Amino acid sequence: MRTPLLPSPWAATEGRALWLKPENLQPTGAFKLRGAYNRLAALSEAERARGVVAQSSGNHAQAVAYAAGLLGIKAVIVMPDSSPAVKVAATRAYGAEVILVPPAERDVLPAQLAAEQGYVWVPPYDDPYVIAGQGTVGLEIGEDAPDELDTVLVPVSGGGLISGTAAALKLTCPGVRVIGVEPELAADAQASFRAGERITWPVADTHRTIADGLRTTSVGALPFEHLLAYVDDIVTVSEKEIRDTVAVLARRGRLVAEPSGAVATAAYLHRGAELDGRCFAAVVSGGNLEPELLAELLAG
C-alpha cells in the first residue's frame with residue numbers, strides 16, 4: 001500500500017519541521033511487506049512449488065506469511081522464542097508454519113531447512129529483490145515531499161530498508177541527506193559505518209534493546225555496500241528516548257508505533273543537534289507491539 005507523508009505540526013520547532021511516513025499502516029503493520037512481496041512475486045513456478053523459508057523477529061515473518069498466502073505458496077517461518085506473542089500469532093494467522101528457536105539459532109536454521117526440505121530462502125534484508133521492494137518507501141517520499149525537504153531519517157537493523165530508501169532518494173532527490181537511526185544498545189550498524197567494515201555485535205548485547213525489530217547483530221553484506229554508497233550518517237537513540245517517542249507518536253501523532261518504528265522520530269525529537277537539518281521526514285517503520293507494552297509506555 002502507498003502510505004501518505006503526514007505533516008506533523010505538533011513536532012515543529014523554530015526552524016525545524018517534521019513529516020512522518022507511517023509504514024505501520026501497511027496491511028501487516030510494517031514496511032516489510034514491500035520487500036517480501038517483491039521477492040516472492042519474482043519466484044519461478046518451480047520455486048513457488050517448493051515453498052519458502054524465512055527468519056524474523058516478527059515483521060518480516062508476517063510479511064512473508066501474508067505475501068505467501070496471496071500467491072499460494074507454502075511458508076515456514078523461523079522466529080526467536082523471545083518474539084512478541086502478537087507477532088507470532090499474526091504470522092500463524094496468515095497461514096505460515098512457525099518454528100520458535102533460541103535467538104542465537106534464528107539465522108542458522110533457515111539454511112538447514114532450505115538444504116533439507118528444498119525451500120527457497122527469503123532473507124529479511126540481504127537480498128536485491130527485498131532491498132528493491134523496500135526502496136519504494138524512498139520513491140514515495142521523494143514524490144510526496146515538500147520542496148524544502150533536506151533530511152530523511154530511517155531505522156537501521158539488517159539494512160534492507162535504509163539501503164533501498166537511500167538509493168531511491170539519492171537517485172531521485174540528490175540533495176537530500178539520509179540518516180540511519182538505531183538504538184544505542186544495538187549500534188552495530190553505526191560501528192560498521194564508521195569503521196568502514198562490517199562489525200558484528202553479540203546476540204546478548206543487541207537483545208538488550210526494547211526495539212525487538214532492530215536486534216540484528218550485523219548489517220547485511222549487500223546493505224552495507226548501499227550504506228557506504230548512499231547513507232550520510234547513522235545516529236543512535238537511548239532506550240528512554242525510544243519509550244518516550246512511542247507515547248508521543250500515539251498521543252500527538254495519533255499513530256501506534258512499536259519501539260523499532262519509533263527510533264527515527266526519536267532522533268528528530270531528541271538528537272536535533274546531531275542532525276543539522278531543517279525539514280525532516282521520519283519513517284515510522286512498524287506498529288506491531290503487545291497491547292500491554294503500549295499501555296505501559298503510554299502510562300510511563
Side-chain angles (χ1 to χ4, degrees), residues 3 6 8 11 18-26 29-32 57-60 84 87 124-125 134 137-138 141 151-166 177-193 201 205-217 219 223 227 231-253 255-275 277 280-290 293-294 297-298 300:
T3 56
L6 302 175
S8 304
L18 175 67
W19 296 71
L20 295 175
K21 180 68 169 171
E23 286 295 290
N24 58 313
L25 300 181
Q26 290 291 347
F31 75 94
K32 290 284 191 178
S57 297
N59 288 335
H60 182 60
K87 294 184 177 181
Y125 47 82
Q134 321 301 26
V137 171
I141 291 174
T151 308
V152 177
L153 304 171
V154 187
V156 185
S157 181
L161 174 60
I162 194 169
S163 294
T165 299
R177 299 174 70 236
V178 179
I179 309 293
V181 188
E182 63 183 345
E184 291 177 349
L185 298 183
D188 58 281
Q190 185 191 62
S192 300
F193 183 78
W201 279 31
D205 286 356
T206 61
H207 273 65
R208 295 173 298 167
T209 180
I210 191 175
D212 63 276
L214 305 181
R215 291 172 177 167
T216 303
T217 58
V219 68
L227 260 66
V231 174
D232 294 281
D233 197 8
I234 298 177
V235 301
T236 62
V237 289
S238 71
E239 295 298 292
K240 184 179 187 307
E241 290 164 349
I242 296 171
R243 288 172 172 268
D244 290 348
T245 303
V246 171
V248 169
L249 282 169
R251 293 195 189 104
R252 304 298 306 278
L255 293 173
V256 174
E258 62 189 276
S260 304
V263 296
T265 309
Y268 172 86
L269 295 176
H270 298 282
R271 301 300 172 98
E274 300 176 45
L275 300 177
F280 293 80
V283 179
V284 181
S285 55
N288 296 313
L289 77 169
E290 300 281 8
L293 178 57
L294 177 59
L297 297 179
L298 286 171

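Along the sequence shown, the residues carry numbers beginning at 1. Fair warning: this is a prediction, and the values are worked out from it, not measured in the lab.
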Could you pull out the closest heavy-atom pair between Phe193 and Asp233, with the gap in Å?
CE2-CA, 3.7 Å
Please list, chain by chain and in numerical order, all residues satisfying side-chain contact (heavy atoms from CB on, under 4.5 Å) with Asp205, sequence neighbours excluded.
Trp201, Pro202, Arg208
If you take all heavy atoms of Val235 and Gln190, which pair is closest and at what distance?
CA-NE2, 3.7 Å
For a 4.5 angstrom cut-off between non-hydrogen side-chain atoms, does Ser260 reach Asn59?
no
Closest approach of Val246 to Pro259 (non-hydrogen atoms, all atoms of both residues)
CG2-CA, 3.8 Å
Residue pairs, two or more places apart or on separate chains, that pass side chain to side chain donor-acceptor pair (under 3.5 Å) and touch residues 177-187
Glu184-Arg271
Can you find a heavy atom in the side chain of Thr3 that is under 4.5 Å from one in the side chain of Val284?
no
When rounded to the nearest 0.5 angstrom, what is the spacing between CG in Leu25 and CG in Leu6?
7.5 Å
Closest approach of Ala264 to Pro155 (non-hydrogen atoms, all atoms of both residues)
CB-CD, 4.1 Å
Hits for side-chain hydrogen bond (donor to acceptor under 3.5 Å, both in side chains) against Thr217, two or more places apart or cross-chain, chain-then-number order -> none
Return the OG to CG distance between Ser8 and Leu255, rounded to the nearest 0.5 Å.
7.5 Å
Once side-chain hydrogen bond (donor to acceptor under 3.5 Å, both in side chains) is applied, do any residues pair with Thr209, and if so which ones, sequence neighbours excluded?
Glu239
Contacts of type ring-ring contact (aromatic ring centres under 6.0 Å, His included), residue Tyr125, not counting sequence neighbours:
none
d(Thr236 OG1, Glu241 CD) to nearest 0.5 Å is 8.0 Å
In Arg215, Glu258, Arg243, Lys240, the residue satisfying side chain to side chain contact (heavy atoms under 4.5 Å, CB included) with Ile210 is Arg243
Scanning both residues in full, the closest heavy-atom pair of Asn24 with Gly287 reads CB-N, 3.5 Å
Are Gln134 and Phe31 close enough that some pair of their side-chain heavy atoms sits under 4.5 Å apart?
yes
Thr165 and Gly138: which non-hydrogen atoms are nearest, and at how many Å?
CG2-CA, 3.7 Å
Mind running side-chain contact (heavy atoms from CB on, under 4.5 Å) on Val156 and Val231 for me, showing each step along the way?
CA-CA 11 Å; Val156 185; Val231 174; over 6 Å; no
Could you measure the distance from the OG1 atom of Thr151 to the CG atom of Asp232? Nearest 0.5 Å is fine.
8.5 Å
My understanding is that only residues two or more places apart in sequence, or in another chain, count here; which of them pass side-chain contact (heavy atoms from CB on, under 4.5 Å) with Val256?
Leu289, Leu294
Taking the side chain as every heavy atom from C-beta outward, state whether Glu23 and Leu161 have any pair of such atoms under 4.5 Å apart.
no
Could you check if a side-chain atom of Val248 sits within less than 4.5 angstrom of a side-chain atom of Thr265, using non-hydrogen atoms only?
no
What is the distance from atom CG of Leu153 to atom CD1 of Ile162, rounded to the nearest 0.5 Å?
9.0 Å
Drop me the distance from Glu290's CD to Leu297's CG, to the nearest 0.5 angstrom.
12.0 Å
